[in-house]
Amino acid sequence: MACACSLSGCVEEYEADISSEYSDMLVVEGTICSSQMNKFILSRTLEVNSSQTPQMVKGAKVSVHGSDGSEYMAQETDGYYSCQIGALNPDAEYYLHIEVDGEVYESEPQKPLRTEGIEGVNVEQATPESNLDVLVNPDVPFDSNKTNYYSWTYDETWEVHPDYTTVIYFDTQMMVPVYKPDQFPLMGWKNATGSKILVGTSLNYEGQHIRRLKLYDIDRSDERMYYNYSCLIHQRAISKAEYEYELARRQVSSEMGGLFTPLPSALPTNIRCLTSHKHVIGFVGCSLNTSEYRFFLRSVDFSINHPIRKDARLWLNDCDEKVCCRMVLEEKMYLCEWIDERYKPQGKLRTAWAHDYQLDVRLKGAYAEEPDFWSLRNGAGE
């Protein structure tokens with residue numbers, strides 16, 4: 001016991017001896033993609049114990065070059081660099097060129113990779129208490145004699161309903177409730193983009209054909225599954241080097257701070273500084289195309305935990321028109337229920353009231369205009 005107490009008093013905070021050359025390194029994010037707007041993000045690394053947030057690099061010259069003589073200049077917009085790239089030449093090699101702070105950086109030239117389509121998506125719930133697993137099935141690979149590597153990202157859209165609805169409004173001039181069904185939208189929609197780049201390999205699949213690979217899951221209690229849900233999956237073929245970079249980056253992100261965790265500067269990269277020996281973090285891939293597939297889910301087809309809430313509206317069980325005026329003008333509330341039984345002996349006027357945030361989904365971060373693709377929700381996918 002005495003020895004243990006003595007040892008516990010010898011614990012000191014450990015500060016890693018990290019060279020200053022590993023701070024203020026350029027970090028590059030982005031992919032060269034054919035026939036679409038390309039976005040590249042440049043930032044700088046910070047010291048290990050820094051409390052600052054990473055700052056975007058401004059004032060850089062960024063461009064995409066091809067061995068066929070093509071060149072696409074990027075424009076700086078809101079902290080990132082974007083350029084519209086036309087159809088890439090499958091026989092040419094392309095690379096990203098960056099000039100910033102007196103240094104020149106370039107990514108390794110590479111031919112754009114073709115991407116197979118997506119055959120379909122399966123969504124499964126193992127038990128009524130389980131989360132919903134989203135499984136992807138790419139098409140048959142172009143080359144079944146070699147290992148194929150892919151990355152996936154996804155964009156979600158889901159339906160949102162207000163806590164309560166109302167089709168009436170109390171008119172303070174006429175002192176009566178009037179029919180007004182279009183005060184608030186009956187539903188809305190929210191969007192989100194998956195926070196991670198997901199990667200996979202065909203190494204252990206028969207015929208190098210990936211089947212039923214889990215991309216992500218949705219909690220059965222999540223708001224996204226209360227009503228209707230849709231997701232657009234983006235699939236891109238990547239090189240083995242980019243696959244290894246993404247795996248290494250994931251390891252560093254999940255284990256950062258561990259005694260044996262590699263430094264971010266040790267991540268594999270295909271970007272180098274041409275004017276000095278400065279380290280760079282990042283990997284720039286090159287794709288001839290990106291495949292997409294949209295699928296839809298209905299909450300009624302799964303076991304969803306959508307809790308029933310207690311009525312949170314304000315009920316006035318004995319009021320009159322003057323009180324209703326005060327509720328509208330002073331309390332800024334909206335009439336939801338009008339139950340007038342004053343014509344009965346001992347009858348009373350009962351009303352229910354709600355705040356705008358209980359009635360308007362737009363105040364919950366949703367938008368009211370139905371997405372163009374929502375009409376496809378009864379289809380199998382795109």
Side-chain cluster (under 4.5 Å, hydrophobic types only) that L274 belongs to, other residues: V104
Any side-chain donor near an acceptor of the partner, S107 and N270, under 3.5 Å: no
Full working for salt bridge (Lys or Arg N to Asp or Glu O under 4.0 Å) between E108 and R272: CA-CA 8 Å; E108 179 182 340; R272 69 189 189 281; over 6 Å; no
Which atom of Y216 lies closest to which atom of C231, heavy atoms considered: OH-SG, 3.3 Å
Pair D360 + R362: basic N to acidic O under 4.0 Å: yes
Within residues 341-372 or reaching into it, pairs that qualify as ring-ring contact (aromatic ring centres under 6.0 Å, His included) - sequence neighbours excluded: H355-Y357
Ion pair check, D340 and R350, cut-off under 4.0 Å: no
Summary of ring-ring contact (aromatic ring centres under 6.0 Å, His included) pairs that have at least one residue in residues 55-79, sequence neighbours excluded: H65-Y95, H65-H97
Donor-acceptor under 3.5 Å (T127 side chain, S130 main chain): yes
Distance (rounded to the nearest 0.5 Å) between N89 CG and D91 CG: 5.0 Å
Side-chain ion pair, E341 and K348, N-O less than 4.0 Å: no
Donor + acceptor pair across side chains of R236, T115 (<3.5 Å): no
Lys/Arg N to Asp/Glu carboxylate O, E124 vs R212, below 4.0 Å: yes
Residue list, ring-ring contact (aromatic ring centres under 6.0 Å, His included) with Y94, at least two apart or on another chain: none
Sidechain N-carboxylate O distance under 4.0 Å for K39, E29: no
Heavy-atom neighbours of E71 CD exceed 12 at 6.0 Å: yes
Side-chain donor/acceptor of H209 to backbone N/O of P138, under 3.5 Å: yes
Residues, nucleotides or ligands: over 12 heavy atoms within 6.0 Å of R342 CZ: yes
Pairs flagged by side-chain hydrogen bond (donor to acceptor under 3.5 Å, both in side chains) wherever residues 136-145 is involved - sequence neighbours left out: N122-N137
Short N-O contact, R249 and E242, less than 4.0 angstrom: no
Q358 side chain to D163 side chain, donor-acceptor N/O pair below 3.5 angstrom: no
Cation-aromatic face contact K180/Y169, 6.0 Å, 45 degrees: yes
Axial cation check for F302 ring with R220, 6.0 Å and 45° limits: no
Within 6.0 Å of CE in M37, more than 12 heavy atoms from elsewhere: yes
Option among R44, K278, K61 that satisfies the salt bridge (Lys or Arg N to Asp or Glu O under 4.0 Å) test with D101: R44
Any side-chain donor near an acceptor of the partner, N191 and T157, under 3.5 Å: yes
Neighbour count above 12 (heavy atom, 6.0 Å) for D372 CG: no
Exercise: identify the closest heavy-atom pair between C83 and M73: CB-O, 3.2 Å
Contacts of type ring-ring contact (aromatic ring centres under 6.0 Å, His included), residue Y227, not counting sequence neighbours: H161, H306
Exercise: do S291 and Q235 side chains pair donor with acceptor under 3.5 Å: no
Residues E223, K190: salt bridge by 4.0 Å N-O rule: yes
Which atom of F40 lies closest to which atom of G30, heavy atoms considered: CD2-CA, 3.8 Å
S67 side chain to E93 backbone, donor-acceptor under 3.5 Å: yes
